[in-house]
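Structure first, then comments.
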Amino acid sequence: MSNDRKRIINPYAKEERKRSDGNEKESPSSTDPVMKSNKETRDAGHVGNDQEIIHPENNISAQASALIISASDKAGMEGIDRKRIDAIILRESGNSQYIQSARRRDEKVNGRILQLRQRLKEASPRECEATEELDESLRGYQQRQAIRATCVVVDMDMFYMACELLSRPNLKNKPACVGKEMILTSNYVARRYGVRSAMAGFIGRKLVKELSGDKLKLIQVPSNFDLYKEKSRIVNEVIREYDPHHMKSYSLDEVYLDIGPYLVLFLQHKDYTHEQIREALIIYPAEVMRFLQQQSSMVCLKAADQVVFRLRQHVQKATGGLTCSAGIARTHTIAKIASDKNKPNGQLLVDPVSTLAFVRALSIRKFPGIGRVTEKLLQQVCDIHTGLDLYQKRGLVHFLFQPATAEFLVKASIGCSGEGSSFASFGAETEGSEHQKGISRERSFSPESDWALLNSRLEDIARMLATDMKRKSVVGHTITLKAKLASFDVLTRAQSKKGIYIQNPDELTTIASELFAAIRAQHKNNHNKKCSKDGSSSFSIRLLGIRCSNLIEESSYQAKQKGMIKRFFTVTPLGDNKGSENEQNYMTKENDEVNCTATRKLMFNRYAKNQNGKEVNSADIFSTNSSSTKSAVINVDSPINIKKKIKTDLNTQTEHTVDTYDVQQQQDEEANEEHVSCPLCNRSFLTQNNAKLNAHIDACLNGDTVRQVIREQNCKEVPKSRKRQRLTDFWS
DNA sequence: ATACATACC
DNA sequence: TACTGGTATGTAT
């Protein structure tokens, strides 16, 4: 295990850059303490009850640490005068709303720190020890580790900026960045002045101006995402040749892949050119794992390093000169960390046997998933700063943090985090847990309090989101509205209704508006209570966003919908009240207001009458053979929505009874040849115009039929509104 | 189920 | 002159 323990450090990179961040110092023995007795590490696992690990925030950097973006942890920012930069940032931030909000957030984190310290104080040393059970599971993780380093992360160097530099090479030696109000990325000259991504533009300008003694000015190039997308597409295309099977782009400038299969062909056929390997790779090589295990470790490492070096050259050539950096390791997490080590235009291979030593030497902030806050908590509560600290105090971490968090942290400390995307389970993991959990759109603007204007912005956002959802063919169950006040406080409000999934922009808008109104109401209410004098403080908003989560495939929802509609109508009207288990889900909730079963029976009878007793497959009714009408089906209401409308009708029947059937619409339909009849009212429709049919069914369910059903049910006349009202009006 | 927090680029 | 983004996911209750 120890003979070929060797870390290949960037044998091909042009420049070996000096590092002063202390992460390169010789790491502790890499013999595996998880495997041996953990006696000596146990002692370090508990921070003494009365040990003072509080660092009073007297210096600027500490004060700034959680407040501002002052990462020196970024490539190209080593050895800069961080203190001076932080001081300028703090000063320039002044007392803006933003910085005040950041302070409030930071105070909350400090509160958490105190809370955790208190828990720690009350704990017995015993509780903070690593349990045998924990170490047992860690051994399990380690044993399941991939043996070969085949995971690769390719990260483009200062991507947006580099794209711009292609056409503006003169900016290379001046401090420059992409982005106006918000800096997206900066070049390496600007980074020396502390200018980095996610920094406000005016801060960046001030930094350069001041730190250059007023000699230089930050050049800000507006972003051009079309260009970046195009370059990104080229990069993806190149990288796909190295791993067509699991290559995945994480963002415009980051790609994950596994070169295991490529290595097999590379090693099996030494005479193959890249083109030949690429062709052969389309058929997944069998027994990749076994083959690579049979090769010596050294051979695999060399080959991997060589292949990735070629890949990077390939990318550079194909993009007209964009450089990238890469990490190669046993897991994608380690590869990701490694990709940053020799940036720019470099690569780092972490030998599997050196992985432990590698992660132990890392500052915890380097681990993807440990950000500003977690770093602060770990540092100030547990005195944990490095991967080694994290490992040694794993018992403490388990005691203090939620199980999921603790597991993540401890796995990170032994280099096993994100192991799901390691080669062995890459495919399965990414297929299985790949599905997106949510999708959202949000937009910032200058603080605005005009209600109508805000709502029109909300509608725009809903439309954008609906477009995205349609493109991805997903429908969402939970709708969340997010609003950021002028004070930068963020309020959210969510809603989800059983069995209902949304994609349609109008429905999205409706729900979002309702949620927004609720937020406003609550906010005004709160504010009125606080300021007894006058509650007229305006509700000023600087950001609106909508998010859909609990996503499912559009097609599966369609299938479900069809099934539901069919069941809704085909359940025997004489059956008992219980129905199928599905039906019960949909039917029970509103029994108080409406006798749903009775309603359903009546509607079924109507339906059956119209069909002359012949059973009709609802799928035949609600979809046509046209392939471009996919979306229309979504608009067909689920039973619960129908009931909601019935309920609404009942509640507001006197002034709000709806007749959505449009004369013009009817004429349009009559002018055409091919017709299909509505299952409820028997009116006929174009088969091609699915949207109209669905709109009609919707309207029909809302209007005539339901009204009649209710009338029959209630045995009394429901006054009919003379006024025509469109469906959309009904909803607003 | 939902409000809020954290992280990423 | 102005004056801090957008998207996704996890945690706490």
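Note on naming: letters A, B, ... go to the chains in the order of the sequence lines (proteins, then strands), and numbering restarts at 1 for each one.
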Applying a 4.0 Å non-hydrogen cut-off, can you work out what [X] is touching in the nucleic acid: base, sugar-phosphate, or nothing?
X        : result
A:Glu92  : nothing
A:Lys336 : sugar-phosphate
A:Gln97  : nothing
A:Glu442 : base
A:Leu184 : nothing
A:Arg493 : sugar-phosphate
A:Ile439 : sugar-phosphate
A:Arg205 : base

Exercise. Between A:Arg104 and A:Glu107, is there a side-chain N and carboxylate O pair less than 4.0 Å apart?
Worked result: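 Looking at A:Glu107 together with A:Arg104, the answer is no, because their closest N to O distance does not fall below 4.0 Å.
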Exercise. Would the number of heavy atoms belonging to other residues, nucleotides or ligands and lying under 6.0 Å from CD of A:Glu181 be above 12?
Worked result: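 Open.
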For this session: Side chain of A:Gln436 only, please: which of B:dC4, C:dG5, C:dA8 is the nearest?
Result: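 The listed nucleotide nearest to A:Gln436's side chain is C:dA8.
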Problem set entry | Given B:dC8, C:dT11, C:dT4, the nucleotide with the shortest approach to the side chain of A:Ala200 |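 Shortest atom-to-atom distance from the side chain points to C:dT4.
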For this session: Using the P atoms only, state how far C:dT4 lies from B:dC9, rounded to an integer number of Å.
Result: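 My reading of the P atoms in B:dC9 and C:dT4 gives 24 Å.
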Can a side chain N or O of [X] be found less than 4.0 Å away from OP1 or OP2 on [N]?
X        : N      : value
A:Ser496 : B:dT2  : yes
A:Lys108 : C:dA12 : no
A:Ser440 : C:dG6  : no
A:Thr374 : B:dA7  : yes
A:Arg372 : B:dA7  : no
A:Arg443 : C:dG6  : yes

Exercise. Mapping A:Lys472 and A:Glu181 to their closest nucleotides on DNA chain C, which lands nearer the 5' end?
Worked result: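 Its nucleotide being nearer the 5' end, the pick is A:Glu181.
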Exercise. 5'-most contact on DNA chain C: A:Ser446 or A:Thr405, nearest heavy atom basis?
Worked result: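 It is A:Ser446, whose closest nucleotide lies nearer the 5' terminus.
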For this session: Map A:Gln495 and A:Gly371 onto DNA chain B by nearest heavy atom, then report which one ends up closer to the 5' terminus.
Result: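 Closest to the 5' end, via its nearest nucleotide, is A:Gln495.
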For this session: Take A:Thr478 and A:Leu377, find for each the nucleotide of DNA chain B with the closest heavy atom, and name the residue whose nucleotide sits nearer the 5' end.
Result: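 Going by which nucleotide is closer to the 5' end, it is A:Thr478.
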Problem set entry | Donor on one side chain, acceptor on other, A:Tyr501 and A:Gln503, under 3.5 Å |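 Distance-only check fails for A:Tyr501 and A:Gln503.
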Problem set entry | Spacing of A:Gln402 atom CD relative to C:dA12 atom P, expressed in whole Å |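 Whole-Å distance recorded here is 4 Å.
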